[in-house]
Amino acid sequence: MSIAESRSVRALGIACCSAITELTGSPTVGLYLLDGLEPELVYSRHVAEGLLDNYRAGFWKRDPVLDCIMTQGRAVDGETVIGPQQWRHSPSFEMLHEWGFAYNMGGPLWCGQKIVGVLFTATTDTDAPYTMRSRQRMEMLCRAGSLALTNMTNAGAIDAHPAAIRVPEPAATPVATLSASLPPRSADVAIRVCRGQTNKEIAREMGISDQTVKEHVANLCRRFGVHNRTELAACLLSPSARQ
């Protein structure tokens, strides 16, 4: 209730920190709002500035947890996304380990039908990976946070963060500027689909898995009401998709 009743972003961050500590045993929290191309950090506690700098410097572009949150719209943890066997050899673990963490988890914050923010946490306990119960608790916290953000937005306490991306047409590339509201990673995939790149090429260029690309493409097809990537590219390049 303290999360849902928050009336400012700072109050929301403090309430999330308290609840995450109680429910997951970790005091670490990072609260981001999505504004344009990248997540904007609006509140953090018990996170080394160096880790935040690494994330701001571009790691978010290849963060599998953020990618999964934006694609699937649910709370996830890094080890589950990457796989228990691969986790300790992944760039995500290496970055976390450098700053004293062992596992991370995050979930989406919604306003209406759009993801407008992301809540992250991490733990230093190497013997306690996040469990299904941890993810369920994170999902519950994010739902409460979503209600608070929606109320703040409706009351004018914060500007609306539409989780939308405006993608300018690259030089010498016939890709239309998308007028639809898309999460950043989905928009990146959409651009590359319009360029005619294969899933493998997109995955390699973006530093994500082929399966994640397939999920992005499938979600885009559903969003625009088309049946395949050829129809998707035609739809995105049509005049109705231009600004």
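- Ser18 and Thr21 are not linked by any side-chain donor-acceptor pair at a separation below 3.5 angstrom, with hydrogens and angles left out of the test.
- In terms of heavy atoms, Gly73 sits closest to Ile115 at CA-CD1, 4.0 Å.
- His97 has its side chain out of reach of Glu94: every pair of non-hydrogen atoms, C-beta onward, lies at least 4.5 Å apart.
- Using a 4.5 Å heavy-atom cutoff, the side chains of Arg88 and Thr126 are in contact.
- For the pair Thr28 and Ile20, the tightest heavy-atom approach, listed with the atom from each and the gap, is O-CG2, 4.0 Å.
- Interatomic distance, CD1 of Ile82 versus OG of Ser92, reported as 4.0 Å (0.5 Å rounding).
- Side-chain atoms of Thr150 and Thr153 form no donor-acceptor pair, as typed in the model, at a separation below 3.5 Å.
- The CE atom of Met105 lies 8.0 Å from the OG1 atom of Thr131; values are rounded to the nearest 0.5 Å.
- Just one of Val193, Thr71, Thr198, Ile208 meets the side-chain contact (heavy atoms from CB on, under 4.5 Å) condition when paired with Val213; it is Ile208.
- Taking every heavy atom of both residues into account, Val29 and Cys17 meet most closely at CG1-CB, 3.6 Å.
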- For Val42 and Tyr32, what are the C-alpha separation, side-chain angles and deciding distance, and is it a side-chain contact (heavy atoms from CB on, under 4.5 Å)? CA-CA 6 Å; Val42 294; Tyr32 291 83; 6.0 Å; no
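- Residue-environment remark: CZ (Arg10) stays at or below the threshold of 12 foreign heavy atoms within 6.0 Å.
- The two residues Pro27 and His46 make their nearest non-hydrogen contact at O-CD2, 3.3 Å.
- The closest donor-acceptor contact from the side chain of Ser209 to the backbone of Thr212 lies under 3.5 Å.
- Residues Leu96 and Asn104 form a side-chain contact, since some pair of their non-hydrogen atoms from C-beta on lies under 4.5 Å apart.
- Taking the side chain as every heavy atom from C-beta outward, Ile69 and Phe120 approach each other to under 4.5 Å.
- Checked by atom type and distance alone, the side chain of Thr123 pairs as donor or acceptor with a backbone atom of Asp125 at under 3.5 Å.
- The backbone N or O of His227 sits less than 3.5 Å from a side-chain atom of Glu231, completing a donor-acceptor pair.
- Contact of the Glu5 side chain with the Leu147 side chain is not registered, since no non-hydrogen atoms from C-beta on lie closer than 4.5 Å.
- Residue pairs meeting the salt bridge (charged side-chain N to carboxylate O under 4.0 Å, His left out) criterion with at least one member in residues 126-155, sequence neighbours excluded: Asp77-Arg135.
- The aromatic rings of Phe59 and Tyr55 lie tilted to each other, with the angle between the two planes from 30° to 60°.
- Minimum heavy-atom separation, Gly145 to Leu12: CA-CD1, 4.0 Å.
- With values rounded to the nearest 0.5 angstrom, Gln86 atom CD is found 13.5 Å from Phe93 atom CZ.
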- For the pair Met70 and Ser186, evaluate side-chain contact (heavy atoms from CB on, under 4.5 Å) and give the outcome as yes or no after the intermediate values. CA-CA 8 Å; Met70 300 304 296; Ser186 293; 5.8 Å; no
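- Between the side chain of Ser146 and the backbone N or O of Trp110 there is at least one donor-acceptor pair closer than 3.5 Å.
- In this structure, the side chains of Asp67 and His216 come closer than 4.5 Å at one or more pairs of heavy atoms.
- For CD of Gln85, the number of neighbouring non-hydrogen atoms (other residues, nucleotides, ligands) closer than 6.0 Å is 12 at most.
- Considering only residues two or more places apart in sequence or on other chains, Phe101 meets the ring-ring contact (aromatic ring centres under 6.0 Å, His included) condition with none of them.
- With contacts defined as side-chain heavy-atom distances shorter than 4.5 Å, the pair Leu33/Leu149 qualifies.
- Around the CD atom of Gln113, the shell of radius 6.0 Å holds no more than 12 heavy atoms that belong to other residues, nucleotides or ligands.
- With hydrogens and angles disregarded, no donor-acceptor distance shorter than 3.5 Å links the side chain of Arg56 to the backbone of Asn54.
- The closest donor-acceptor contact from the side chain of Ser26 to the backbone of Ala122 lies under 3.5 Å.
- Ring geometry, Trp87 versus Tyr103: the interplanar angle falls under 30°, so the pair is classed parallel (tilted spans 30 to 60°).
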- Query: What's the verdict on side-chain contact (heavy atoms from CB on, under 4.5 Å) for Cys16 and Leu141, showing C-alpha distance, side-chain angles and the deciding distance?
  - Reply: CA-CA 7 Å; Cys16 286; Leu141 297 183; 5.8 Å; no
- Message: Assess the residue pair Val76 and Arg74 against the criterion (side-chain contact (heavy atoms from CB on, under 4.5 Å)); give the C-alpha distance rounded to whole Å, side-chain angles, the decisive distance to 0.1 Å, and a yes or no.
- Response: CA-CA 6 Å; Val76 295; Arg74 59 183 177 85; 3.5 Å; yes
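- Around atom CD of Gln211, more than 12 heavy atoms belonging to other residues, nucleotides or ligands sit under 6.0 Å away.
- When all heavy atoms of Asp210 and Asn199 are compared, the closest pair comes out as OD1-O, 4.1 Å.
- Using a 4.5 Å cut-off on side-chain heavy atoms (C-beta onward), Val118 and Leu66 make contact.
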